[in-house]
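Working notes for the structure below.
Along the sequence shown, residues are numbered consecutively beginning with 1.
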Amino acid sequence: MLFGFVKVMDTQLTWYGQSAFKIVTSGGKVLLIDPWLTNPVFERGKDEIAALNRVDLVLVTHGHSDHVGNAVEIGKKTRAKLVATFDLSAAIVTTLGYPSELADVETTGHMGGTLTLLGGEIAVTFVPAWHGSGVSKEETAPSVYGGNPSGMVIAIRGRPTIYHTGDTDLFSDMALVSRFHKIDIMLVCIGDHFTMGPDRAAEAVKLVNPREVIPMHYGTFPVLTGTPEAFERELKRRKLKTQLRVMGIGETIELPE
Ligand SMILES: [Zn+2]
């Protein structure tokens with residue numbers, strides 16, 4: 001029992017479906033990644049956006065609408081700064097209207113670069129992903145160049161360090177991510193069709209060797225057929241030490257240091 005001590009809160013992670021996550025650090029900073037909250041599998045998207053008071057950073061891995069999602073609305077409402085690679089940031093500002101003063105050089109980088117943010121509480125490193133990154137205002141409009149898609153390594157001071165793969169296939173250079181960062185939590189796409197499916201995702205986990213892995217980017221649309229069950233089988237087949245953690249839509253978990 002604790003008497004006279006305030007227990008420091010663990011980092012909290014919420015999954016909204018697809019690749020959208022909220023991180024609340026033990027210091028109270030709020031980060032949203034690929035914030036498509038009004039996606040087809042999260043019923044409370046609009047209410048959740050309305051309830052968002054504080055957001056410090058909005059991180060976007062690439063320009064597709066299932067990842068940019070509600071970023072602009074959230075940025076305007078909360079004055080969160082946009083964290084993205086150079087070309088993507090420019091496209092989101094000029095094409096979709098993210099406030100340009102919230103997308104300056106402080107939070108804009110590129111592959112291999114690390115941004116130290118929020119007084120050093122957060123460090124974000126952009127790493128490659130194999131995908132596309134065009135930005136479209138409407139589904140029928142031609143897409144605007146958004147550079148190369150990225151994954152992101154989000155290192156929270158005092159741990160944990162989280163690797164969000166973005167949308168990608170498996171590639172052998174994923175092994176380099178853990179040469180520079182000890183990954184505690186890997187958020188990995190498993191849905192197939194537009195990204196790697198369960199078998200290739202399990203191979204990606206083997207390369208990165210995180211403590212825990214959380215699957216994402218599945219079940220949102222019928223074509224995203226990869227399942228956590230198939231992913232679990234593929235992880236077991238490889239006898240990996242990494243622990244699988246399957247989150248529910250809208251669920252919040254605590255991430256110990
Ligand atoms: Zn996607």
Side-chain angles (χ1 to χ4, degrees), residues 12-23 31-49 51-52 58-71 73-74 129-134 136 139 149-152 154 162-171 174 183 185-206 208 210 212-238 240 242-255:
Q12 300 193 334
L13 181 73
T14 303
W15 186 42
Y16 295 118
Q18 198 71 336
S19 303
F21 289 88
K22 178 168 75 174
I23 296 170
L31 284 64
L32 291 176
I33 313 167
D34 286 356
W36 189 30
L37 274 57
T38 53
N39 68 63
V41 291
F42 182 51
E43 287 165 4
R44 306 191 309 275
K46 280 199 175 130
D47 298 340
E48 183 76 10
I49 293 170
L52 283 174
V58 168
L59 298 80
V60 182
T61 61
H62 65 284
H64 297 163
S65 59
D66 59 317
H67 296 261
V68 177
N70 308 100
E73 180 185 354
I74 293 166
W130 275 101
H131 199 65
S133 188
S136 301
E139 242 170 66
S150 75
M152 293 186 187
I154 302 153
I162 298 167
Y163 170 33
H164 187 296
T165 63
D167 279 4
T168 187
D169 184 19
L170 164 72
F171 55 101
M174 280 178 165
I183 303 299
I185 315 285
M186 181 174 178
L187 310 175
V188 68
C189 51
I190 66 155
D192 213 332
H193 200 97
F194 290 112
T195 71
M196 56 191 172
D199 51 350
R200 298 165 83 88
E203 202 63 28
V205 173
K206 188 176 175 181
V208 175
E212 276 186 51
V213 64
I214 296 170
M216 63 176 179
H217 210 271
Y218 66 91
T220 321
F221 307 108
V223 294
L224 303 184
T225 54
T227 62
E229 292 76 25
F231 182 48
E232 184 172 24
R233 278 197 300 276
E234 293 294 338
L235 290 171
K236 279 193 177 143
R237 219 157 60 80
R238 289 167 177 80
L240 305 183
T242 299
Q243 229 186 321
L244 170 65
R245 192 152 178 174
V246 179
M247 292 183 71
I249 309 285
E251 187 189 0
T252 299
I253 59 172
E254 304 226 322
L255 304 177

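Nearest heavy atom pair, residue Pro40 against residue Phe221, reads CG-CE2, 4.0 Å. Closest approach of Gly250 and Arg44 over heavy atoms only: O-NH2, 4.1 Å. Heavy atoms only, all atoms of each residue included: Ala20 and Pro35 are closest at CB-CA, 4.1 Å. Of all non-hydrogen atoms in Gly166 and Cys189, the two that sit nearest each other are O-SG, 3.5 Å. Heavy atoms only, all atoms of each residue included: Gly63 and Val68 are closest at O-CG2, 3.3 Å. Shortest non-hydrogen contact noted between Gly151 and Ala129 is N-CB, 3.9 Å.
Going from atom CD1 of Ile33 over to atom CG of Leu59 covers 6.0 Å, rounded to the nearest 0.5 Å. The CD1 atom of Ile190 lies 6.0 Å from the OG1 atom of Thr227; values are rounded to the nearest 0.5 Å. Here Thr165 contributes atom OG1 and Met174 contributes atom CE; the two are 6.0 Å apart, rounded to the nearest 0.5 Å. The NZ atom of Lys46 lies 9.0 Å from the CD atom of Glu73; values are rounded to the nearest 0.5 Å. Between Leu187 atom CG and Met152 atom CE the span is 12.0 Å, to the nearest 0.5 Å. With values rounded to the nearest 0.5 angstrom, Asp66 atom CG is found 6.5 Å from Ser19 atom OG.
A heavy-atom distance below 4.5 Å is found between the side chains of Ile49 and Thr38. Counting only heavy atoms from C-beta outward, the side chains of Val208 and Val188 never approach each other to under 4.5 Å. Proximity of Leu31 to Ile154: side-chain heavy atoms (C-beta onward) are separated by under 4.5 Å at one or more points. Annotation: side chain of Trp15 is in contact with side chain of Ile249 (closest heavy-atom distance under 4.5 Å). Residues Phe21 and Ile162 have side chains not in contact (no heavy-atom distance under 4.5 Å, counting atoms from C-beta outward). Looking at Glu234 and Val205, their side chains never come closer than 4.5 Å, going by heavy atoms from C-beta outward. Looking at Leu244 and Pro215, their side chains come closer than 4.5 Å, going by heavy atoms from C-beta outward. Residues Leu32 and Asn70 fail the side-chain proximity criterion, which asks for heavy atoms closer than 4.5 Å.
The aromatic rings of His62 and His131 stand perpendicular to each other, their planes meeting at an angle above 60°, with 30° marking the opposite boundary.
In Glu251, the CD atom is crowded: over 12 heavy atoms of neighbouring residues, nucleotides or ligands sit closer than 6.0 Å.
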task: Apply side chain to side chain contact (heavy atoms under 4.5 Å, CB included) to the pair Thr242 and Leu235, showing each step before the final yes or no.
output: CA-CA 8 Å; Thr242 299; Leu235 290 171; 5.7 Å; no
message: Working note: Leu255 + Ile185, criterion side chain to side chain contact (heavy atoms under 4.5 Å, CB included); need CA distance, chi angles, decisive distance, verdict.
response: CA-CA 9 Å; Leu255 304 177; Ile185 315 285; 3.9 Å; yes
message: Please determine whether side chain to side chain contact (heavy atoms under 4.5 Å, CB included) holds for the pair Phe231 and Val246, giving the CA-CA distance in whole Å, both sets of side-chain angles, and the decisive distance to 0.1 Å.
response: CA-CA 10 Å; Phe231 182 48; Val246 179; over 6 Å; no
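Side-chain atoms of Thr168 come within 3.5 Å of backbone atoms of Trp130 as a donor-acceptor pair (strictly under, hydrogens ignored). Checked by atom type and distance alone, the side chain of Thr252 never pairs as donor or acceptor with a backbone atom of Thr14 at under 3.5 Å.
A salt bridge links Lys236 with Glu232: at least one charged nitrogen is closer than 4.0 Å to a carboxylate oxygen. Using a 4.0 Å cut-off between charged nitrogen and carboxylate oxygen, Glu203 and Arg200 do not count as a salt-bridge pair.
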Return a table of donor-acceptor pairs under 3.5 angstrom between the side chains of residues 191-198 and protein atoms on other chains or two or more places apart.
none

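Side-chain contact of Asp167 with His64: a donor-acceptor pair under 3.5 Å is absent, judged by distance alone. Remark: the Gln18 side chain and the Asn39 side chain contain no N/O donor-acceptor pair separated by less than 3.5 Å.
Residues passing the ring-ring contact (aromatic ring centres under 6.0 Å, His included) test with Phe42 are Tyr16, sequence neighbours excluded.
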